[in-house]
Amino acid sequence: MRRLVAATCVLAVLSSACSDSGDATTTAGDEPAATAVTSAIDRQQIERFAAQMDYLREQLRIPAMSVAVVEDQQLVWAEGFGYADLREEVPATADTPYHLASVTMPVAATVLMQLVEEGELALDETVDRYGVELD
């Protein structure tokens, strides 16, 4: 569960980069779309988790975010929170695209350091060892 919360916090940070200018598109209906719970995860657990994510979004003043729970590489649940377009009040959905811009750099750095911790990557190796050629 800690990894789930940590991953969701990363998603929340990533989604804070979304624009409130109305350039995000969605397939919005009257209510934000949610993917049904299809695993052993308790529905009440998911509902509490969703409430916590929406509270986090509001506290951090994130206009919109989409959250997903994956178990055994299968999507278990996904939902959008807030508005993908604040001016038009278009709700965010599980499928709302977000503009991430330079926010991907810290995510890439985090993944890189996790690979270092797991011994899959060495920081003092040259990149050509990993199939990258720089001329």
Side-chain angles (χ1 to χ4, degrees):
M1 187 65 165
R2 282 187 209 150
R3 283 189 179 184
L4 176 65
V5 172
T8 304
C9 289
V10 169
L11 289 174
V13 170
L14 288 175
S15 63
S16 68
C18 72
S19 170
D20 65 348
S21 62
D23 29 347
T25 58
T26 78
T27 55
D30 293 336
E31 294 293 320
T35 301
V37 176
T38 59
S39 78
I41 295 175
D42 183 85
R43 177 169 293 285
Q44 288 179 335
Q45 241 182 334
I46 288 292
E47 288 172 0
R48 284 192 308 271
F49 180 69
Q52 290 171 342
M53 291 301 96
D54 200 35
Y55 176 78
L56 176 67
R57 181 193 62 79
E58 289 174 0
Q59 291 301 305
L60 295 176
R61 300 180 53 138
I62 299 170
M65 70 183 205
S66 299
V67 179
V69 174
V70 176
E71 182 179 51
D72 296 326
Q73 299 185 8
Q74 297 293 316
L75 179 65
V76 173
W77 171 85
E79 186 171 335
F81 299 91
Y83 291 104
D85 183 333
L86 289 174
R87 283 187 294 214
E88 299 296 322
E89 294 187 354
V90 176
T93 70
D95 299 318
T96 299
Y98 296 94
H99 299 282
L100 296 180
S102 296
V103 177
T104 57
M105 288 181 230
V107 173
T110 300
V111 170
L112 177 80
M113 294 310 293
Q114 287 174 338
L115 290 171
V116 169
E117 286 177 349
E118 293 171 6
E120 299 292 324
L121 189 71
L123 290 178
D124 37 342
E125 292 288 336
T126 59
V127 295
D128 62 338
R129 178 171 185 242
Y130 301 101
V132 177
E133 292 184 32
L134 300 175
D135 293 318

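None of the values given here were measured: they were computed from a predicted structure.
A single hydrophobic cluster is seen to contain both L60 and V67, as judged by linkage of ILVMFWY side chains at heavy-atom distances under 4.5 Å, directly or through other members. Neither V132 nor L121 shares a network with the other; the hydrophobic side chains, linked directly or stepwise wherever heavy atoms of I, L, V, M, F, W or Y lie under 4.5 Å apart, form separate groups for each. By the criterion of side-chain heavy atoms lying less than 4.5 angstrom apart, applied directly or through intervening Ile, Leu, Val, Met, Phe, Trp or Tyr residues, L123 is grouped together with V111 in one hydrophobic cluster.
Rounded to the nearest 0.5 Å, atoms CD (E120) and CG (L112) are 12.0 Å apart. Between the CE atom of M53 and the OG atom of S66 there is a distance of 13.0 Å, given to the nearest 0.5 Å. Annotation: the span from E71 atom CD to W77 atom CH2 amounts to 14.0 Å, rounded to 0.5 Å.
In this structure, D42 contributes its side chain and Q44 its backbone to a donor-acceptor pair below 3.5 Å.
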Can you check side chain to side chain contact (heavy atoms under 4.5 Å, CB included) on L56 and Q52, steps first, answer last?
CA-CA 6 Å; L56 176 67; Q52 290 171 342; over 6 Å; no

Residues M113, E117; criterion side chain to side chain contact (heavy atoms under 4.5 Å, CB included); working and verdict:
CA-CA 6 Å; M113 294 310 293; E117 286 177 349; 5.7 Å; no

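At a cut-off of 3.5 Å, with distance as the only test, no side-chain donor of T93 or D95 sits close to an acceptor on the other residue.
Residues A78 and L75 share a closest heavy-atom pair of CB-CD1, 4.1 Å. In this structure, A92 and M65 approach most closely via the heavy-atom pair CB-O, 4.2 Å. Contact detail for A94 and E79: the closest heavy-atom pair is CB-N, 3.9 Å.
Within a 6.0 Å radius of CD in E125, other residues, nucleotides and ligands contribute more than 12 heavy atoms.
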